[in-house]
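None of the values given here were measured: they were computed from a predicted structure. Only heavy atoms go into these numbers, but all of them, side chains included; no hydrogens, no water, no symmetry mates. Starting from 1, each residue takes its place in the sequence as its number.
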Amino acid sequence: MASEGLNGTASAPLLERAPQVDLGVASVISAEQAIRLRAVPYTVEHGRVLVAMMDPADFDAADEIAAHARKPVTPIGARRDVFDEMIRTAYSITAAQMAARLGGQADADELVNNLEAVEAADLHRMAEQPSLINLVNLIVLEGIRARASDIHVEPFEKKLTVKYRIDGVLVEQPPPPKNLQPAITSRVKIMAGMNIAERYAPQDGHITLRYEGRKIDIRVSTVPTLYGESVVLRILDKESVRLDLEALGMRKADRDEMDRLVAIPHGMVLVTGPTGSGKTTTLYAALTKISDPTKKVLTIEDPVEYELSGVNQIPVNPKRGLSFATGLRSILRQDPDVIMVGEIRDGETAEIAVRAALTGHLIFSTLHTNNAVSAVGRLIDMKVEPFLLASVLEGILGQRLGRRLCQSCKTPVPLAEEVRHRLLPSERELFPGLMAYRGAGCDECDGSGFKRRLGFYELVSVTPQMRAAIGQRLSSQDLLKSAGAGYQSMRRDGLAKAAAGLTGVSEVLRATQDTESEMAAAETMH
């Protein structure tokens, strides 16, 4: 075979990391050819062109590159993520550029807007096109590079949008052509092990990939909408999150108190806040402090977001009858010392958790409430007896997330009038000369002025006076009156961080606006 003389062996080693790409060598073929051939020439060694290829046994592609280079080539296999990184480096290809090229090439009868008319077999064929595969990979990889926590693919009547949630804010990307919608959706569903023929019921799936040598898990959710399926990919990059309370932004006094709570032999510790406020990450950071090998630590989660060393983690599986309540019952027969329940959602789970804390276990869990002390009323509403709750509850942490100012371009600015009038006199005192900070925008933060997020916290340690107040079913305001002297509202915690240049005042007010009245009242008490 002629290609053997040109190309050498096709059983070359697999590229695990992207090598340095010589742009002069890469230029022997165009970006369009590289996408079509799934190959990137990247260097010359001993008179032969080394070519990274998705399929190193594709001799036709190798022969075509050899003809353009006028040199023999050596095909070298590359993992998909490595290949995508190399093609982006070599040709400055972005997902938007690739989508535009694909959209221009698409035949109207092959990639149609009307999903009703597309058969499942056609969807599968469209989703397996090499160029389409590369496009979807590039959308995902660009999201990971941009530090996105979620990728949203949303169908509308005349367009398909792609948005990255970066530091808690959705950022719209250049949209792919509308006629690629069925192929893109189907490709994501194939990657996630979902049923591409089912387009009218919600589905959940999971993708695992490697990026720059680290493992990344992606949770995929699809729901049917008026103009097709909306797809959300939740990116869980364990190595990008530091499971450390100080790195998450918790002040030293609260960290010391959390250390005390983690070390107690039994009781209940709760973390509260809305969806996406980092509750699970905080619990993980707390659990990593339990390094005692003599303790058995078990968790039940929906789903397991990050794998923790030395911790037995159980994923909820409602289809098989494994709910938080049934799982918690089973966990108690495993003789655990510490239990983390992903979320207390109902009265049955709440009752089992409280009774487990009564019988000598340390229980960590989360609740969806506006602030820390509201967790007490929420559990009582779930029919937990106040006297039992008073005896087991040890601490409640309320939290929100805000964007962290880019430390490379933050600059001092006067407090804006629309911000100043929302601050209490005691809060204005945090800002000497009524000066705060804002991010000017630079290359480090892609011009946004923000880079990553940090937490605003309020930690309520349950005092003897508070236990009595819980047993008497007193209001949240009365419970706060019996909080320890070290209590600080999450609003004031956030404003202190804004005064220190870690975040912006508007970020704090935005994140804590649903608790402003409670927080302000708390400030007058302490």
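In this structure, the side chains of Gln407 and Glu444 stay at 4.5 Å or more apart for every pair of heavy atoms. The closest side-chain heavy-atom distance from Val28 to Val49 is not below 4.5 Å. A 4.5 Å side-chain heavy-atom check between Leu160 and Pro175 finds every atom pair outside the cut-off. Residues Thr411 and Arg438 form a side-chain contact, since some pair of their non-hydrogen atoms from C-beta on lies under 4.5 Å apart. Contact check for Asn134 versus Arg38: side-chain heavy atoms found under the 4.5 Å cut-off. Using a 4.5 Å heavy-atom cutoff, the side chains of Val271 and Tyr457 are not in contact. Contact annotation: the side chain of Thr299 approaches that of Leu287 to within less than 4.5 Å [non-hydrogen atoms, C-beta and beyond]. The shortest side-chain heavy-atom distance between Arg165 and His152 falls under the 4.5 Å cut-off.
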Please report the C-alpha distance between Phe83 and Val40 in whole Å, then the side-chain angles of each, then the deciding distance to 0.1 Å, and finally whether the side chain to side chain contact (heavy atoms under 4.5 Å, CB included) criterion is met. CA-CA 8 Å; Phe83 176 79; Val40 178; 3.7 Å; yes
Stepwise side chain to side chain contact (heavy atoms under 4.5 Å, CB included) check, Val44 with Asp22: CA-CA 9 Å; Val44 176; Asp22 185 323; over 6 Å; no
Give the C-alpha distance, both sets of side-chain angles, the deciding distance and a yes or no for side chain to side chain contact (heavy atoms under 4.5 Å, CB included) between Glu343 and Asp302. CA-CA 8 Å; Glu343 183 184 346; Asp302 183 22; over 6 Å; no
List the steps, then state whether salt bridge (Lys or Arg N to Asp or Glu O under 4.0 Å) holds for Asp204 with Arg219. CA-CA 7 Å; Asp204 294 299; Arg219 297 205 315 256; over 6 Å; no
Do Leu209 and Asn137 pass the side chain to side chain contact (heavy atoms under 4.5 Å, CB included) test, and can you show the C-alpha distance, the side-chain angles, and the key distance before you say yes or no? CA-CA 10 Å; Leu209 56 84; Asn137 291 343; over 6 Å; no
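Here CE of Met194 is found 8.5 Å from CD1 of Ile207. Values are rounded to the nearest 0.5 Å. The line from OG1 of Thr281 to CG of Asp244 is 12.5 Å long, rounded to the nearest 0.5 Å. For the atom pair Ile133 CD1 and Met54 CE, the distance stands at 7.0 Å (nearest 0.5 Å). To the nearest 0.5 Å, atom CD1 of residue Ile144 and atom CD1 of residue Ile151 are 6.5 Å apart. Atom CE of Met86 and atom CD of Gln20 lie 10.0 Å apart (nearest 0.5 Å). Note that the SG atom of Cys445 and the NZ atom of Lys451 stand 8.0 Å from one another [nearest 0.5 Å].
Under the 3.5 Å distance criterion, with hydrogens and angles disregarded, no donor-acceptor pair is assigned to the side chains of Thr280 and Glu301. For the 3.5 Å distance criterion, the side chains of Arg48 and Thr74 qualify, holding a donor opposite an acceptor.
When every heavy atom of Gln313 is checked against every heavy atom of Leu308, the shortest pair comes out as OE1-N, 2.7 Å. Shortest non-hydrogen contact noted between Ala285 and Leu245 is CB-CD2, 3.7 Å. Nearest heavy-atom pair across Pro155 and Thr225 is CG-OG1, 3.5 Å. Across all their heavy atoms, Lys178 and Tyr227 have their closest contact at NZ-O, 3.9 Å. Among all heavy-atom pairs drawn from Thr43 and Val25, the shortest one is N-CG1, 3.7 Å. Ala353 and Ile344 get closest at one heavy-atom pair: CB-CD1, 4.3 Å.
In this structure, Arg145 places its CZ atom where more than 12 heavy-atom neighbours from other residues, nucleotides or ligands lie under 6.0 Å away. By the neighbour-count criterion of 12 heavy atoms within 6.0 Å, atom CD of Glu246 is sparsely surrounded, having that number or fewer from other residues, nucleotides or ligands. In the displayed structure, Asp381 atom CG is contacted under 6.0 Å by more than 12 heavy atoms of other residues, nucleotides or ligands. Around the CD atom of Glu307, the shell of radius 6.0 Å holds no more than 12 heavy atoms that belong to other residues, nucleotides or ligands.
At distances below 3.5 Å, at least one donor-acceptor pair connects side-chain atoms of Ser27 with backbone N or O atoms of Gly24. Not one N or O on the side chain of Gln399 forms a donor-acceptor pair closer than 3.5 Å with the backbone of Gly273. Between the side chain of Ser365 and the backbone N or O of Val341, at least one donor-acceptor pair lies under 3.5 Å. Of the possible donor and acceptor atoms, none in the side chain of Glu305 sits under 3.5 Å from a partner among the backbone N and O of Leu236. The closest donor-acceptor contact from the side chain of Tyr306 to the backbone of Leu243 lies at 3.5 Å or more, if one exists at all. The main-chain N or O of Pro274 is found under 3.5 Å from a side-chain atom of Lys279 such that the two form a donor-acceptor pair. Remark: side-chain polar atoms of Gln173 are paired, donor with acceptor, to backbone N or O of Val171 under 3.5 angstrom. A donor-acceptor pair under 3.5 Å is absent between the side-chain atoms of Ser323 and the main chain of Pro318, judged by distance alone. Side chain of Arg79 to backbone of Leu14: no donor-acceptor contact under 3.5 angstrom is found. The backbone N or O of Ala66 sits nowhere less than 3.5 Å from a side-chain atom of Glu64 that would complete a donor-acceptor pair.
The side chain to side chain contact (heavy atoms under 4.5 Å, CB included) with Thr272 is formed by just one residue from the set Thr369, Asn370, Asn371; it is Thr369.
Residues Arg453 and Glu507 are not paired through a salt bridge, judged by the lack of any N-O separation under 4.0 Å between the basic side chain and the carboxylate.
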